[in-house]
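One structure is given below, encoded as structure tokens.
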Amino acid sequence: MKHTLLMACAMLLATPLLAAQKVLNSPDGKLVVSVADDNGLATYSVSYDGRVMLKPSALGLKADYADFTKGLRMSVKSEKNETTSYSLSRSKTSRVEHPASCATLAFFNGDGMEMDVEFYLTDNDVAFRYLLPLPKANNPKVAVIYSEASSFLFPDETTTFISPQIQPMTGWERTKPSYEEVFSSDAPMNAPSRYGVGYTFPCLFRVGNSGWVLVSETGVTGGYVGSRLSDYEPGRGYTIAYPQQGEMNGNGTPYAAISLPGATPWRTITVGTTVAPIAETTIPFDVVEEQYASKGQYKPGRYTWSWLLWGDESMNYDDQIAFIDVAAKMGYEYILVDALWDTQVGYEGVEKLARYAKERGVDLMLWYNSNGIENDAPQGPRNIMNRAITRKKEMAWMKKIGVKGIKVDFFAGDKQPTMQLYEDILSDANDYGLFVIFHGCTLPRGWERMYPNYVGSEGALASENVNFTKEHAQREPYDMTLHPFCRNAVGSFDWGGVIMNRMISKDNKSRHQRYTSDVFEMATAITNQVSVNCVIVTPNVVDGLPQFEQDFLKKIPTAWDETKLLAGYPTRYAVTARRSGDKWYVGGLNATAEPLTLTLDMPMLAGQTVNYYVDRKAKKGQLWPDSELRTLKVDKNGKAKVTLQPNGGIVLTQQ
């Protein structure tokens with residue numbers, strides 16, 4: 001009997017513990033997330049409409065006081081269904097209301113320490129984050145998070161649309177990383193990243209014929225680091241990677257420090273059988289909350305900007321007057337006075353510009369360097385935005401003279417002190433009624449909802465590169481048909497210009513050409529979303545534009561109430577419909593070398609005759625096709641056929 005009992009105990013000890021598993025479903029049931037603690041490892045997988053989007057991928061993190069990557073056992077802590085409902089004023093939609101499924105799962109390691117994983121599911125989105133409770137022994141009360149195990153293991157047939165991260169303190173004046181590298185297009189996962197340090201968010205993946213997945217993060221404040229994805233590793237996929245040690249000129253650690261109880265930012269996953277859910281997602285805003293109340297009226301609008309084509313030399317009083325006059329002529333709300341104004345225009349000169357602009361119904365935005373000590377970017381004003389005392393003094397002066405916004409440039413990566421600087425600039429600017437645009441910067445992470453005076457960020461290769469080289473000018477169609485599904489899908493994108501000059505030069509005759517049609521550029525005002533948008537139309541060009549182009553540019557909306565993707569494939573073409581008030585606008589871009597004919601499904605325009613801005617077929621030797629304004633009849637079912645010329649576009653507007 002004793003022998004039999006010992007044998008039974010031995011068999012019990014040799015038998016692996018059964019894995020706990022929890023299946024989470026979206027409100028419509030199509031999106032399924034399965035979470036498990038198989039062999040002590042926390043994993044999750046994602047399927048959509050019966051198709052595998054992510055194979056079992058790791059969960060967990062390592063902190064200074066506990067390891068939550070192995071020896072874990074799972075239990076369900078809470079489950080609920082809720083309705084997410086809120087308003088936005090500076091994004092792709094003005095009102096969000098949809099059901100969501102929520103759950104919190106507890107994981108305990110071998111020492112009894114607890115880590116919770118909170119999940120949030122909508123019909124096309126998954127978000128998860130880690131919650132670290134205060135340990136039962138009441139210590140520690142603070143933690144350092146060294147790394148995350150969080151991974152994303154895609155099926156083998158997956159291809160990528162992703163941008164590499166770059167080593168710190170490289171590039172022009174040691175200003176990188178600045179989220180300004182080139183995106184891949186349908187590249188294999190096993191291709192190593194260009195610089196060997198992974199990829200910046202957001203990351204778009206095509207899962208064979210099954211569908212699309214967009215991976216990013218949201219809810220990053222000054223209380224955490226910004227993250228990215230590692231290089232791909234077979235059998236493991238991509239993992240969350242923290243900042244590089246050399247960022248911020250080596251100052252600060254690459255780790256995150258939090259108070260306990262505390263939480264990490266959200267990891268977001270948007271899935272769909274088409275790219276429409278990717279372009280239309282609101283997940284970056286669904287799971288975050290406003291960080292402070294608005295103290296100003298931050299009006300959407302358009303701005304003129306001399307620097308892109310007229311360069312540093314244009315930062316003088318007379319040229320800025322000329323661009324104020326263009327803004328007034330076009331009915332635009334703002335002008336951006338860019339770098340070097342402190343020495344080439346001067347503070348007294350800016351005060352005069354502000355008065356002159358105000359008399360003509362235009363307000364000023366001013367450029368600032370974020371430096372500090374983080375890199376060598378020389379342009380001024382410097383050594384102001386990096387310190388609260390100098391920053392607040394400057395902002396008080398701006399408020400006094402009527403400046404409405406600032407553009408702050410040349411940040412230093414994603415370490416926690418840099419993320420804190422973003423937040424501090426935003427918070428202080430709100431106190432003085434200033435809105436904020438960031439350049440040379442990281443990706444926005446839910447900031448439109450979190451910070452009421454945040455407008456947009458660069459965070460990708462933007463229009464300045466069209467100026468710098470012919471090669472980048474040729475890439476503009478590629479980039480502008482990618483970002484509706486990637487960079488602009490997760491946050492407002494200050495691309496920096498609906499570029500109406502045909503030659504990339506001050507005289508509009510020399511240097512390299514613009515490789516897109518006029519209608520392509522006009523359509524980017526719709527396909528690209530930012531609530532304060534730039535229009536590059538210079539004093540010597542504006543009057544030469546066809547009247548119907550001028551009329552359209554004068555009426556460009558920048559505040560949208562609704563967004564629908566009508567058609568598209570990243571880096572090839574994109575057609576987006578947006579509603580402003582009760583009026584719909586449709587913008588379409590073709591990045592291919594051949595005409596593209598599409599039948600668009602537009603139920604919101606069913607039975608209507610709409611304005612149709614379109615390119616004619618280019619004549620032999622013609623660098624830019626002629627544009628024209630026609631009318632187009634949408635049938636009673638909402639269908640209409642359109643043709644987009646190579647590197648051309650279409651615009652539809654309700655009459």
Exercise for review: Mind running side chain to side chain contact (heavy atoms under 4.5 Å, CB included) on Tyr356 and Gln320 for me, showing each step along the way?
Suggested key: CA-CA 10 Å; Tyr356 181 88; Gln320 296 309 300; over 6 Å; no
Practice item. Can you tell me which residue pairs pass the salt bridge (Lys or Arg N to Asp or Glu O under 4.0 Å) test with a partner in residues 546-562, sequence neighbours excluded? Key: Glu562-Arg579
Check your understanding: Pick from Val532, Val337, Val455, Ile406: which one makes a side-chain contact (heavy atoms from CB on, under 4.5 Å) with Met365?
Key -> Val532
Review point. Which value, rounded to the nearest 0.5 Å, describes the distance between Ile321 atom CD1 and Asn316 atom CG?
Key: 10.0 Å
**Study point:** Backbone N/O of Trp367 and side chain of Trp341: donor-acceptor pair under 3.5 Å
**Key:** yes
Review point. Is Pro168 close to Arg174 at the side-chain level, that is, under 4.5 Å between some pair of heavy atoms?
Key: no
Practice item. Locate the shortest heavy-atom distance separating Gln379 from Phe410; write the atom from each residue and the value. Key: OE1-CE1, 3.6 Å
Point to revise | Pairwise distance CG(Asp615) to CG(Asp626) - rounded to 0.5 angstrom | key: 9.0 Å
Exercise for review: Evaluate whether atom CD of Gln655 has more than 12 neighbouring non-hydrogen atoms of other residues, nucleotides or ligands under 6.0 angstrom away.
Suggested key: yes
Study note, to complete from the structure: Heavy atoms of Gly649 and Val519 approach each other most closely as O-CG1, 3.3 Å
Practice item. Carefully, step by step, assess Glu348 and Tyr317 under the rule side-chain hydrogen bond (donor to acceptor under 3.5 Å, both in side chains). Key: CA-CA 10 Å; Glu348 289 186 7; Tyr317 183 82; over 6 Å; no
Review point. Rounded to the nearest 0.5 Å, how far apart are OG of Ser492 and CG of Asn528?
Key: 9.0 Å
Check your understanding: Is the Trp307 ring parallel, tilted or perpendicular to the Trp305 ring (thresholds 30°, 60°)?
Key -> parallel
**Study point:** Where at least one partner belongs to residues 402-427, residue pairs that pass salt bridge (Lys or Arg N to Asp or Glu O under 4.0 Å), sequence neighbours excluded
**Key:** Asp338-Lys407
Check your understanding: Between Val403 and Tyr432, is a side chain to side chain contact (heavy atoms under 4.5 Å, CB included) present by the stated rule, with each step listed?
Key -> CA-CA 10 Å; Val403 172; Tyr432 294 93; over 6 Å; no
**Study point:** Pairs flagged by salt bridge (Lys or Arg N to Asp or Glu O under 4.0 Å) wherever residues 459-481 is involved - sequence neighbours left out
**Key:** Arg475-Asp479
Review point. Is there side-chain contact between Leu353 and Ile335, with heavy atoms separated by less than 4.5 Å?
Key: no
Exercise for review: Test side chain to side chain contact (heavy atoms under 4.5 Å, CB included) on Asp431 and Met395 and set out the steps.
Suggested key: CA-CA 9 Å; Asp431 289 342; Met395 289 176 174; over 6 Å; no
Exercise for review: Return yes if some donor-acceptor pair links the side-chain N/O of Trp266 with the main-chain N/O of Val287 below 3.5 Å, else return no.
Suggested key: yes
Review point. Considering residues at least two apart in sequence or located in another chain, which fulfil the salt bridge (Lys or Arg N to Asp or Glu O under 4.0 Å) criterion with Asp312?
Key: none
Practice item. Take His439 and Asp494 through the test side-chain hydrogen bond (donor to acceptor under 3.5 Å, both in side chains) and record every step on the way to the result. Key: CA-CA 8 Å; His439 267 231; Asp494 190 49; 2.6 Å; yes
Practice item. Give me the ring orientation class for Trp310 and Phe323: parallel if the planes are under 30° apart, tilted from 30 to 60°, perpendicular past 60°. Key: perpendicular
Point to revise | Shortest non-hydrogen contact from Val96 toward Asp286 | key: CG1-OD1, 3.7 Å
Review point. Should Asp363 and Lys358 count as side-chain neighbours, where that means a heavy-atom distance under 4.5 Å?
Key: yes
Point to revise | side-chain hydrogen bond (donor to acceptor under 3.5 Å, both in side chains) evaluation trace for Ser85 with Arg95 | key: CA-CA 8 Å; Ser85 180; Arg95 183 69 189 169; 2.4 Å; yes
Point to revise | Greater than 12 external heavy atoms within 6.0 Å of Gln297's CD | key: no
Point to revise | Minimum side-chain heavy-atom gap Ser457-Arg487 below 4.5 Å | key: yes
Review point. Under 4.5 Å between any side-chain heavy atoms of Tyr612 and Leu652, yes or no?
Key: yes
Point to revise | Heavy-atom donor-acceptor pair, Asn430 side chain to Asp428 backbone, under 3.5 Å | key: no
Check your understanding: Taking the six-membered ring where the residue is Trp, are the ring centres of Tyr334 and Phe435 under 6.0 Å apart?
Key -> yes
Review point. Between the main-chain N or O of Met500 and the side-chain N or O of Arg514, is there a donor-acceptor pair closer than 3.5 Å?
Key: yes
Practice item. Take Thr218 and Val490 through the test side chain to side chain contact (heavy atoms under 4.5 Å, CB included) and record every step on the way to the result. Key: CA-CA 9 Å; Thr218 193; Val490 299; over 6 Å; no
Check your understanding: So which of Tyr292, Tyr298, Trp447 actually passes side chain to side chain donor-acceptor pair (under 3.5 Å) with Asn453?
Key -> Tyr292
**Study point:** Shortest non-hydrogen contact from Met503 toward Asn508
**Key:** N-OD1, 2.9 Å
Check your understanding: Would you say the side-chain atoms of Asn375 and Thr175 include a donor-acceptor pair closer than 3.5 Å?
Key -> no
Exercise for review: Go through the structure and list residues passing salt bridge (Lys or Arg N to Asp or Glu O under 4.0 Å) with Arg511, not counting sequence neighbours.
Suggested key: none
Practice item. For the pair Arg578 and Thr563, evaluate side-chain hydrogen bond (donor to acceptor under 3.5 Å, both in side chains) and give the outcome as yes or no after the intermediate values. Key: CA-CA 4 Å; Arg578 300 193 198 269; Thr563 293; 2.9 Å; yes
Point to revise | Donor-acceptor under 3.5 Å (Glu458 side chain, Gly440 main chain) | key: yes
Check your understanding: Nearest 0.5 Å, what's the NE2-CG distance between His472 and Asn467?
Key -> 11.5 Å
Revision key, fill the gap. In short, salt bridge (Lys or Arg N to Asp or Glu O under 4.0 Å) pairs touching residues 435-444 with sequence neighbours left out are none
Check your understanding: Would you say the side-chain atoms of Ser505 pair up with the backbone N or O of Ser510, donor to acceptor, closer than 3.5 Å?
Key -> yes
**Study point:** Minimum side-chain heavy-atom gap Ser463-Ile536 below 4.5 Å
**Key:** no
**Study point:** pair Ile504-Leu309: side-chain heavy atoms closer than 4.5 Å
**Key:** yes
**Study point:** Distance, nearest 0.5 Å, that separates NE2 of His512 from OG1 of Thr469
**Key:** 6.5 Å
Check your understanding: Salt-bridged, Asp342 to Arg382, with N to O below 4.0 Å?
Key -> no
Point to revise | Tyr86 six-ring face occupied by Arg449 cation (under 6.0 Å, within 45°) | key: yes
Practice item. Would you tell me whether Tyr179 and Thr442 have side-chain atoms, one donor and one acceptor, within less than 3.5 Å of each other? Key: yes
Point to revise | Main-chain N/O of Trp584 paired to Gln654 side chain as donor or acceptor, under 3.5 Å | key: yes
Review point. Taking the side chain as C-beta and beyond, is there a heavy-atom pair between Leu553 and Leu545 under 4.5 Å?
Key: yes
Point to revise | Val225 to Gln416 - nearest heavy-atom pair and separation | key: CG1-N, 3.7 Å
Check your understanding: Taking all non-hydrogen atoms of both residues, which atom of Phe411 and which atom of Cys441 are closest, and how far apart?
Key -> CD1-CB, 4.0 Å
